[in-house]
J.: 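Take a look at this one; I'll ask things after.
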Amino acid sequence: MATLVRWRIRITIARYRRSPMLFIGPIFGIGLFLLTLWASQGFFRVLVRLAPSFADAVLLLSYAAVGVFQILAGFRWGVTRLFLNSDLELLMCSPITRRRLFGLKILELVVASPISILILGAVTWGYARALNVVAAPLLAIVLPFVLATIAALPGMLVALVLARAMIGPRLRALIGLISPFLPLAWILLFGSASSLFGRVSQRRFDAQHFQRLGRSMVAAIEKSPTSWPGDIVRGIANGNWTLAARSVALVAIVSVALLAVTFAVFFATFEGSWMRLGEASSKRKSGTLIERIAPPIPMVARAIVVKEWRGFTRDLRLLQSLVFPVLILGFFTVNSLRATGSPPYALVFFIAFLVSNQAAIALLMERRNIGFLKLAPVRGIDIITGKVVAYVVPTGILTGAAVVAVGVVRHLSGPIIIVALAFMLWILGGSMLGGVGIAALWGKFDLERPRLGLGPSLLEMVVMPAFAATQGAFGFWIAGRLGENVGFLRSPVAGIPLLVLAGATAFVVAVLATSGGHRLEMFDAP
Amino acid sequence: MPQDAIRTDKLTKTFDRAVAVDALDLTVNRGEVFGFLGPNGAGKSTTIRMLIGLLRPTSGSAVVASFDVAKQPLEVKRRVGYMAENPYAYDKLTGREFLSFVGDLYQVPKNEVTERGTSLMKLLDLFDDADKIVEGYSRGMRQKLGLIAALIHEPDVLFLDEPTSGLDPRSARTVKDLLTELAHRGKTVFMSTHVLEIAEHMCDRVGIINHGQLVALGSLAQLRAHGRADASLEDIFLELTGGEDTAELTKFLAES
């Protein structure tokens with residue numbers, strides 16, 4: 001077991017050395033932890049004084065939120081670490097007992113949850129310190145560690161059961177589908193938490209209201225496992241040893257029971273599930289529908305479009321990457337329309353960056369198959385065109401429908417809606433073209449995670465939003481000429497400078513795309 | 001088409017400071033089955049990858065199917081087929097869709113792709129699996145699909161990296177017969193292999209490369225003329241590339 005763990009650590013270090021970009025995650029996590037640790041103590045001191053019930057509720061909610069995240073993460077890590085990882089074949093061939101293998105995977109699961117453990121640690125620390133518990137450091141280490149681990153076990157159980165019923169490709173697709181929601185869950189959690197932190201630190205909240213709210217929240221879920229950490233801390237703080245001991249016993253019993261059940265299911269199913277993972281996908285008809293509906297562009301680019309679209313129908317990860325930015329855009333648009341009556345114009349910068357990444361990542365996902373494309377009598381620009389069209393059409397249809405819907409809701413005139421639609425498609429296409437150009441120029445095709453192989457992100461962050469902003473501004477100017485109220489952009493003299501700026505950024509995008517195409521023809525394929 | 005299907009002139013490739021291929025001068029005739037042999041890391045795959053345009057030569061030049069690889073890459077690619085040792089494939093496409101995709105890349109009319117693809121898949125026992133997702137293919141099936149993809153546009157020159165690797169004996173035999181037949185029809189087959197028995201029986205000529213340099217070139221008879229008359233290709237190969245020292249091997253076995 002110790003040898004396995006040592007080698008796992010060595011392999012991880014080697015991976016980090018090879019891709020320094022991977023350090024971003026841990027650095028971000030440590031920074032976040034230090035920040036939370038620093039803020040937590042002061043936050044809870046104020047909260048315990050003003051609304052103690054709400055302080056209890058915050059601790060409870062933190063464990064609940066991280067618990068939900070851990071269940072998802074446990075499922076994800078259960079599937080990848082127990083079934084899809086390439087080391088499994090080696091481990092299964094080696095004279096390692098299944099018990100040790102399970103132990104190793106549980107350990108990996110714990111190591112894989114540092115952010116959860118650190119966040120809970122910081123929250124528990126702040127709460128325990130605010131209640132003047134001497135053993136705060138010990139509680140801040142043990143409770144998060146144990147509860148984050150047992151929260152992940154149900155997810156792992158689901159993974160074990162699903163792996164019994166599904167073949168490898170389907171499991172992989174499922175993982176790809178839920179993976180983006182994990183960071184999204186963090187973003188929402190931190191968004192809500194930081195807003196609460198801000199209000200508490202500036203005492204901009206109604207203490208009585210929050211006290212009532214906290215009391216009702218605690219009452220609603222007081223019997224759940226997420227209330228145990230609070231009970232333990234409060235029990236120790238108030239000298240209520242019965243409460244503390246009962247909660248510790250409950251944690252221990254549930255931990256042992258969950259471990260035992262997971263281990264039993266693992267022992268009963270793992271070997272059989274793992275062995276049938278490699279089974280071929282079911283036969284499917286080589287359909288012609290996609291070929292028929294693909295746009296009439298040059299044959300080579302069209303072939304790439306058809307290939308990509310076939311992937312959408314068979315790989316949920318691709319479909320999700322396509323729909324995800326549109327969902328974000330839709331969510332913020334609806335929110336913004338409700339709150340201010342106008343669409344979230346600033347979001348265009350974010351979308352331009354996000355959208356420009358879509359086709360770029362699709363290009364890098366070719367990995368060694370880029371050599372296959374280079375083998376054929378194909379121009380680099382055809383490859384780029386194919387990738388862009390493959391993503392522009394579905395994204396354009398979705399966002400186009402959204403633009404028309406917003407236009408109708410806001411009672412805009414027909415010509416204005418048409419101008420908005422045209423510029424939206426133009427910005428979408430241009431952003432993707434520039435993104436693919438950057439990826440083709442500087443991207444790496446030999447990385448396990450294509451996202452890390454993108455070209456200089458800073459350039460993309462500057463060029464694509466600049467392109468979107470200048471094209472958008474020119475679009476608004478045209479809308480102004482058509483009678484729409486667009487503020488200072490309505491001035492007739494603004495047209496020429498705006499056109500020059502829009503032309504300049506469009507020129508940069510064109511240069512990126514053609515240079516990228518040239519590089520695809522010239523570079524040494526991996 | 002001139003007699004030479006492939007001609008290299010001082011073709012060189014260096015990676016950082018390591019010389020992978022060192023001033024290679026090589027000529028392969030049209031309609032020839034040429035075996036390119038060498039130990040691991042000798043420069044075989046690098047040479048092939050330069051000839052098909054996947055790598056840029058550091059210096060020197062290469063002409064394939066009468067076109068300069070560096071100056072007229074698209075003309076070369078139209079006339080060349082390549083099967084890598086680990087063939088290229090798109091996991092989410094079915095075998096049939098993959099061939100259709102390849103046909104489109106090479107701008108081959110649809111009906112020709114269907115006709116040629118079907119007959120090749122039947123020949124290589126892949127027809128029943130044509131509508132399965134490539135993800136579920138075995139190594140041998142991927143190898144067959146890679147070969148069919150390399151042949152779908154009827155190339156003049158075929159580059160193959162370990163063509164029978166992963167194939168069962170029956171399929172390997174079919175592939176060998178197919179390649180021989182293609183050569184009879186005037187196609188050039190340039191293959192790299194470690195299976196010396198294949199090279200011995202199939203190839204009109206062989207070239208042996210070691211440390212990036214061509215150390216032998218000719219028919220088996222020509223190579224034998226420089227050593228023992230009864231030497232096998234394996235003997236010649238080991239002699240030229242510094243084979244296993246029997247005394248050392250015996251010592252190792254005795255010690256272990």
Side-chain angles (χ1 to χ4, degrees), chain A residues 167-170 172-173 277-288 290-291 294 297-319 365-380 382-383 386 519 521-526, chain B residues 13 15 46 49-50 52-58 70 72-84 86-110 128-138 141 146 149-150 152-153 155 159:
Chain A
I167 55 171
R170 302 247 165 83
R172 231 172 248 125
L277 267 188
E279 282 178 17
S281 313
S282 55
K283 223 173 192 184
R284 59 170 76 220
K285 184 107 178 68
S286 305
T288 55
I290 286 175
E291 243 173 287
I297 52 175
M299 194 172 183
V300 170
R302 194 170 187 275
I304 291 170
V305 172
V306 170
K307 174 184 81 74
E308 294 290 323
W309 285 4
R310 284 197 162 123
F312 290 151
T313 62
R314 291 166 197 176
D315 190 340
L316 294 175
R317 284 171 296 181
L318 291 176
L319 195 64
M365 275 175 75
E366 290 287 340
R367 296 198 182 90
R368 71 180 284 273
N369 275 345
I370 194 70
F372 178 71
L373 295 179
K374 272 173 68 73
L375 266 181
V378 170
R379 293 176 309 149
D382 289 332
I383 300 174
R519 192 238 174 181
E521 289 166 19
M522 301 305 291
F523 86 116
D524 288 349
Chain B
K13 180 69 184 178
F15 294 106
T46 305
R49 288 163 68 82
M50 281 194 284
I52 57 177
L54 289 186
L55 289 180
R56 273 174 306 167
T58 309
Q72 298 152 293
L74 292 187
E75 294 303 326
V76 171
K77 287 171 184 178
R78 276 191 193 105
R79 290 160 180 82
V80 159
Y82 171 59
M83 184 183 74
N86 181 14
Y88 298 108
Y90 287 96
D91 282 354
K92 295 295 172 195
L93 299 184
T94 64
R96 199 187 300 279
E97 287 166 353
F98 178 65
L99 294 180
S100 166
F101 173 61
V102 178
D104 283 351
L105 289 184
Y106 284 85
Q107 312 208 8
V108 182
K110 286 269 178 224
D128 289 342
D129 299 305
D131 288 319
K132 276 186 184 165
I133 304 276
V134 174
E135 196 168 56
Y137 276 23
S138 68
M141 287 158 80
I152 206 82
H153 59 292
F159 289 93

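Here the structure is a predicted model, which is why all the values come from computation and not from measurement. Residue numbers begin at 1 in each chain, while the letters A, B, ... track the order of the sequences.
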J.: Specify the closest pair of heavy atoms between A:R368 and B:A84, including all atoms of both residues, with the distance to one decimal.
T.: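 Where A:R368 meets B:A84 most closely, the heavy atoms are NH2-CB, 4.0 Å.
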J.: Which atoms of A:V306 come close to chain B, meaning under 4.5 Å heavy atom to heavy atom: side chain ones, backbone ones, both, or neither?
T.: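 Neither part; nothing is under 4.5 Å.
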J.: So, for B:K92 and A:G311, which heavy atoms are closest and what is the spacing to 0.1 Å?
T.: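 For B:K92 versus A:G311, the nearest heavy atoms are CB-CA, 4.3 Å.
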J.: After noting the C-alpha distance and the side-chain angles of A:R379 and B:L74, does the key distance pass the side-chain contact (heavy atoms from CB on, under 4.5 Å) rule?
T.: CA-CA 8 Å; A:R379 293 176 309 149; B:L74 292 187; 4.0 Å; yes
J.: For B:F101 and A:F372, take the angle between the two ring planes, folded into 0 to 90°, and tell me which bin it lands in: parallel under 30, tilted 30 to 60, perpendicular over 60.
T.: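 B:F101 vs A:F372 ring planes: tilted.
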J.: Given that the side chain runs from C-beta out, which part of B:P87 has a heavy atom under 4.5 Å from chain A: side chain, backbone, both or neither?
T.: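 Answer is backbone: N, CA, C or O of B:P87 sit under 4.5 Å from chain A.
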J.: Side chain, backbone, both or neither: which part of B:N86 has an atom under 4.5 Å from a heavy atom of chain A?
T.: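 For B:N86, heavy atoms of backbone and side chain both lie under 4.5 Å from chain A.
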J.: Give a yes or no on whether a salt bridge exists between A:E291 and B:K110, defined as a side-chain N under 4.0 angstrom from a carboxylate O.
T.: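 Counted as a salt bridge, because a side-chain N and a carboxylate O are separated by less than 4.0 Å.
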J.: Does any backbone or side-chain atom of B:R49 lie under 4.5 Å from a heavy atom of chain A? Answer side chain, backbone, both or neither.
T.: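 Contact with chain A is through the side chain of B:R49 alone.
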J.: I need the minimum non-hydrogen distance between A:V300 and B:D104, along with the two atoms involved.
T.: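 It is CG2-O, 4.0 Å.
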J.: Work out which heavy atom in B:L105 is nearest to a heavy atom in A:A376; give both atom names and the distance.
T.: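 In terms of heavy atoms, the two residues are closest at CB-CB, 3.9 Å.
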J.: Is there a side-chain contact (heavy atoms from CB on, under 4.5 Å) between A:D524 and B:K13? Walk through the geometry before answering.
T.: CA-CA 11 Å; A:D524 288 349; B:K13 180 69 184 178; 2.8 Å; yes
J.: Does the side chain of B:K77 come within less than 4.5 Å of A:L375's, by heavy atoms?
T.: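 No, too far: nothing below the 4.5 Å cut-off.
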J.: With a 4.5 angstrom heavy-atom cut-off, which part of B:S100 approaches chain A: side chain, backbone, both or neither?
T.: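 The side chain, not the backbone.
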J.: Show your working on side-chain hydrogen bond (donor to acceptor under 3.5 Å, both in side chains) between B:Y88 and A:E366 and close with a plain yes or no.
T.: CA-CA 10 Å; B:Y88 298 108; A:E366 290 287 340; over 6 Å; no
J.: Please find the pair of heavy atoms, one from A:K374 and one from B:L54, that lie closest to each other, and give the distance.
T.: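 Heavy-atom minimum between the residues: CB-CD2, 3.7 Å.
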J.: Could you look at A:I304 and say if it's the side chain, the backbone, both or neither that has a heavy atom under 4.5 Å from chain B?
T.: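 For A:I304, backbone and side chain are both near chain B.
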